[in-house]
Amino acid sequence: MKIKKLISKREINKRVNELAEQISNDYKGKDIEVICVLRGAVIFTVELCMKIKSNTRLNFIEISSYDGTKSTGKIKINKDLTDAITGKDVLIIEDIIDTGRTLSFLREYLLEKKPKSLKICTLVDKKERRVVDVPIDYNGFSIPDKFIIGHGFDIDNDYRNMRDICYIEE
Ligand code: 5GP
């Protein structure tokens with residue numbers, strides 16, 4: 001298994017700064033109810049939230065649909081939200097949108113709870129793999145169809161703390 005660099009930590013930092021500036025402008029004077037999608041989005045969420053100027057509250061949800069490197073298509077909530085989101089300005093922070101099934105499921109699930117607004121921010125978008133359409137408000141990087149690891153991305157919970165986003169060459 002060969003690991004190759006796709007996006008460097010330096011490029012990620014630059015893009016996170018840009019996204020934080022955009023989000024800070026869009027949410028001026030508002031509290032943001034951030035929903036971090038565990039576990040892959042943890043690192044991105046921390047880096048982004050530390051740079052957003054508006055007050056951000058943190059809420060977590062754990063959803064799974066992958067088994068190793070394969071999307072199972074079966075989505076389940078392993079850990080539900082702790083705080084209510086009704087009437088709040090909710091920003092979902094996700095690591096990657098691949099087929100779109102997870103986010104589409106999560107979006108519908110959260111909309112039922114009647115937030116004041118609901119936006120989606122993802123670090124990576126694998127657009128060519130999309131099966132279900134999801135509206136993305138903030139996207140860090142669009143990438144080709146490669147399985148990535150590092151900077152929060154895993155295989156069976158390994159490799160999450162690699163600084164760069166890498167891909168595996170078989
Ligand atoms: P979707 O439901 O959009 O197909 O899948 C979304 C989830 O699949 C992501 O939250 C992530 O956990 C996982 N995923 C999709 N593509 C990749 C990838 O290239 N690398 C890793 N590590 N996880 C991925």
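When a ligand or atom number is given, it counts from 1 through the structure's own listing order.
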Would you be so kind as to tabulate the donor-acceptor pairs closer than 3.5 Å made by side chains of residues 102-112, with sequence neighbours excluded?
unit_1: T102; atom_1: OG1; unit_2: S65; atom_2: OG; d: 3.3
unit_1: Y109; atom_1: OH; unit_2: D80; atom_2: OD1; d: 3.0
unit_1: Y109; atom_1: OH; unit_2: D80; atom_2: OD2; d: 2.6

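- Within the set L6, T102, I168, the minimum heavy-atom distance to atom 7 (C) of ligand 1 is found for T102.
- In this structure, D133 places its CG atom where only 12 or fewer heavy-atom neighbours from other residues, nucleotides or ligands lie under 6.0 Å away.
- Nearest-heavy-atom check against atom 11 (C) of ligand 1 across V37, T99, I96 picks out I96.
- Considering both main-chain and side-chain atoms, I97 never comes within under 3.5 Å of ligand 1 through any nitrogen or oxygen pair.
- We find that R39 and D154 are not joined by a salt bridge, their nearest charged nitrogen and carboxylate oxygen being 4.0 Å or further apart.
- If you number the atoms of ligand 1 from 1 as listed, the ones under 4.0 Å from a heavy atom of K146 come out as 19 (O).
- Between E11 and K14 there is no salt bridge, since no side-chain nitrogen of the basic residue lies less than 4.0 Å from a carboxylate oxygen of the acidic one.
- Within the structure, ligand 1 lacks I149 among the residues with a heavy atom less than 4.0 angstrom away.
- A salt bridge does not link K51 to E47: none of the charged side-chain nitrogens sits closer than 4.0 Å to a carboxylate oxygen.
- By the 3.5 Å distance cut-off applied to N or O atoms, G100 is counted among the residues near ligand 1.
- Using a 4.0 Å heavy-atom cutoff, I148 is listed among the residues neighbouring ligand 1.
- Residue K126 holds the heavy atom nearest to atom 17 (C) of ligand 1 of all those in R101, R130, R160, K126.
- Contact between S24 and S54 at its shortest, heavy atoms only, is O-OG, 3.9 Å.
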Could you pull out every donor-acceptor pair under 3.5 Å between side chains of residues 86-97 and any protein atom, sequence neighbours left out?
unit_1: T86; atom_1: OG1; unit_2: K113; atom_2: O; d: 2.9
unit_1: K88; atom_1: NZ; unit_2: A84; atom_2: O; d: 3.1
unit_1: D89; atom_1: OD1; unit_2: S117; atom_2: OG; d: 2.6

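- Taking every heavy atom of D154 and a limit of under 4.0 angstrom, the matching atoms of ligand 1 come to 21 (C), 22 (N).
- Of all the atoms in ligand 1, the ones that sit under 4.0 Å from a non-hydrogen atom of E94 are 10 (O).
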